[in-house]
Student: 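Here's a structure for you.
The figures here come from the full heavy-atom set of this structure, side chains too, leaving out hydrogens, waters and symmetry mates. We name chains A, B, ... by the order of the sequence lines, and we start the count at 1 in each one.
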Protein chains: 2
Amino acid sequence: MAATDQILIDKLRERGLRVTSQRLLIHRALAAKPQHVTAEQVLTRVRDALPGTSLPTVYATLELLAQLGLVHRVATGGAVLFDSRVAPHSHTACRHCGRVTDLDSRPVTRDALRTARAAGFRPDDAQLVVWGLCPDCAADQTGTTESPSRTRPGSTTSP
Amino acid sequence: MAATDQILIDKLRERGLRVTSQRLLIHRALAAKPQHVTAEQVLTRVRDALPGTSLPTVYATLELLAQLGLVHRVATGGAVLFDSRVAPHSHTACRHCGRVTDLDSRPVTRDALRTARAAGFRPDDAQLVVWGLCPDCAADQTGTTESPSRTRPGSTTSP
DNA sequence: CTTTTTGCAAATGATTTGCATTAAC
DNA sequence: GTTAATGCAAATCATTTGCAAAAAG
C-alpha cells in the first residue's frame, strides 16, 4: 500500500501537516478501489484496523483529503458520498435502490467546464448526476407494484 | 397568477388530490421566476401570504410538486434546492459564497442521458453541477487572504 | 359527512463543534 | 516539550414522522 500512502505523506509534509495512522487508513480505505462511500462506511472499514477511530475524525480527514485533491465529494441528496476518482466524471443514481454508479461521459463535463469558464466562473470540478432507475430496478418495476424499498447509498462502480 | 395555478390544479384533480391554499402558494412561490430555493426560503415567502404555514407542509408539498414534475430538486451538498425550471439543465455552485446559478449547456445533459440509457439505466433527470468560484468571488480572491465567509445558498439565475 | 391535509411537537439522520487528552514532530 | 490531531459528548442543521384538529370535496 506504500504507493498511495506516499502521495498522501508528501502532500501532508508539503503543508507542515502531521502524518497520522488515521489519515493513512482513511486514505487507504478510499484509494484502494474506485467507489462511492459515506463517512459512516469509511468509519466501519477503518475501525477494523484501528478500533476507537471516531466519526468526527473521519469527517475532518475526508474534508482534508478533499482539500488535498485526493477525494471528491458527490452530492446526491442524502449523505454525501466520497469518491477517490478525482478526475471530473459522472454518476447515475437510482431512485429506487439508491445505488450510485460511475458513468463515463468525459466530453460532457469537459464542455460544461468550458461553458462555465466562458461565463467568468472559475471551475475546479464538475459533477453530473443522472437520476432514474438502474437496470435492476427497472427490470423489477415491470408489472410489479411494490413500494420503493429505498436502500441507503451502497457503492458500486462500473466504467 | 391563474396561468400557473391552473396547471397545478389540473394535475391535482387528475389524481384526485385536493387543491389547498398552501399548495397553490408554494407552487406560486416557485413558479414565479426561475430560481433555486431551499424549503426554508419557500416557507418564508409563503408565510407572508399565509401565516401559520408549517415547514413539514412545505416539505410535503415540494415532494408532491416534484412528483407532479413541476419542480426539480438540486442537490449541492447542503440543503436541497428546489428549481421550477424542470427541463434538464446545469448549475454552477460557488465554493466561496454558496451561490447557485443556471448554466446553459443543454447538449451536455442530453448526451449524458443517452449514455446512461445505453448502459441500461432508465433516466428521468440529469443534473450537472460545476463547482468553483463565481465571477465575484474569483475577483475578490485576487490578493486578499480572507476567510471564506460562507453564505447559505441564495438564489441567482442567469441563462 | 368522509377522507385528505395541515400544524405541532418530537424524532431521526448527517455533520459539526468544544474541549480535554493523546500523539507527531 | 510544543502544537496539531484525536475522541468524546453535545450541539446544530435539514428533513421526516406521529397524531389530533382543520379543511376540501
Side-chain angles (χ1 to χ4, degrees), chain A residues 5 8-27 36-44 46-47 49-68 71 73-82 98 147-148 150-153, chain B residues 5 8-27 36-44 46-47 49-68 71 73-82 98 147-148 150-153:
Chain A
D5 281 2
L8 172 58
I9 293 172
D10 290 349
K11 293 219 178 212
L12 289 173
R13 294 245 162 89
E14 257 172 41
R15 310 189 183 208
L17 298 172
R18 295 179 181 177
V19 177
T20 67
S21 34
Q22 288 86 341
R23 287 176 175 169
L24 287 171
L25 286 167
I26 290 167
H27 180 235
H36 318 100
V37 274
T38 63
E40 202 90 42
Q41 290 171 323
V42 169
L43 179 64
T44 304
V46 170
R47 273 195 170 153
L50 191 69
T53 306
S54 72
L55 205 40
T57 297
V58 171
Y59 275 107
T61 303
L62 289 172
E63 161 69 24
L64 174 64
L65 294 178
Q67 278 174 17
L68 298 178
V71 302
R73 266 181 249 263
V74 182
T76 60
V80 169
L81 299 178
F82 293 86
S147 54
R150 203 160 278 293
T151 309
R152 271 296 126 210
Chain B
D5 282 3
L8 172 58
I9 293 173
D10 291 350
K11 293 219 177 212
L12 289 173
R13 294 244 162 90
E14 257 172 41
R15 311 190 184 208
L17 297 173
R18 294 180 181 177
V19 178
T20 68
S21 35
Q22 289 86 341
R23 286 175 177 171
L24 286 171
L25 287 167
I26 290 167
H27 179 233
H36 318 100
V37 275
T38 63
E40 201 90 43
Q41 290 171 324
V42 170
L43 179 64
T44 304
V46 171
R47 272 195 169 152
L50 191 70
T53 306
S54 72
L55 205 41
T57 298
V58 171
Y59 275 107
T61 304
L62 290 172
E63 162 69 24
L64 174 63
L65 294 178
Q67 278 174 17
L68 297 178
V71 303
R73 267 181 247 263
V74 182
T76 59
V80 169
L81 299 178
F82 293 87
S147 53
R150 201 161 281 291
T151 309
R152 269 295 128 209

Student: Nearest to the side chain of A:T57, which nucleotide is it out of D:dA14, D:dT6, C:dT6?
Tutor: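 Selected nucleotide: D:dT6.
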Student: Measure CG/A:L43 against P/D:dT6 and give the value in whole Å, please.
Tutor: 13 Å
Student: Write down the distance between CD (A:E63) and P (D:dA5), rounded to a whole number of angstrom.
Tutor: 13 Å
Student: Find the distance A:I9:CD1 to C:dC25:C1' and express it as a whole number of Å.
Tutor: 14 Å
Student: When you measure from the side chain of A:S21, which nucleotide among D:dT6, C:dA24, C:dC25 comes out closest?
Tutor: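 It is C:dA24.
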Student: For B:L64 and C:dT4, give me the distance from atom CG to atom C1', rounded to whole Å.
Tutor: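 After rounding, the reported distance stands at 12 Å.
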Student: Round to a whole Å and report the spacing from CZ of A:R15 to C1' of D:dA4.
Tutor: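 That distance rounds to 16 Å.
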Student: May I have the distance from B:L55 (atom CG) to D:dA14 (atom P), rounded to whole angstrom?
Tutor: 10 Å
Student: Under 4.0 Å between a side-chain N/O of A:T20 and OP1 or OP2 of D:dT6, yes or no?
Tutor: yes
Student: Nearest heavy atom decides the nucleotide; on that basis, is B:L17 or B:A39 closer to the 5' end of DNA chain D?
Tutor: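 Upstream on the strand: B:A39.
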Student: What's A:G52 touching, base or sugar-phosphate or nothing? Going by heavy atoms closer than 4.0 Å.
Tutor: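 Contact class for A:G52: sugar-phosphate only.
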Student: Report the nucleotide, chosen from C:dT3, C:dA9, D:dA4, that has the shortest atom-to-atom distance to any side-chain atom of B:R18.
Tutor: C:dT3
Student: Please determine whether a side-chain nitrogen or oxygen atom of B:Y59 lies at a distance below 4.0 Å from atom OP1 or OP2 of D:dT16.
Tutor: no
Student: Between the side chain of B:R23 and the main-chain N/O of B:T61, is any donor-acceptor distance below 3.5 Å?
Tutor: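 Here the side-chain-to-backbone pair does not exist.
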Student: Give a yes/no answer on whether the side chain of B:S54 brings an N or O atom under 4.0 Å of OP1 or OP2 in C:dG7.
Tutor: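 Yes.
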Student: So, is A:R23 close to the D:dA5 phosphate, meaning a side-chain N or O under 4.0 Å from OP1 or OP2?
Tutor: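 Answer is yes, contact under 4.0 Å.
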Student: Could you give the CG-to-P distance, from B:L24 to D:dA23, as a whole number of Å?
Tutor: 16 Å
Student: Can you tell me how far P of C:dT4 sits from CD of B:Q22, to the nearest Å?
Tutor: 17 Å
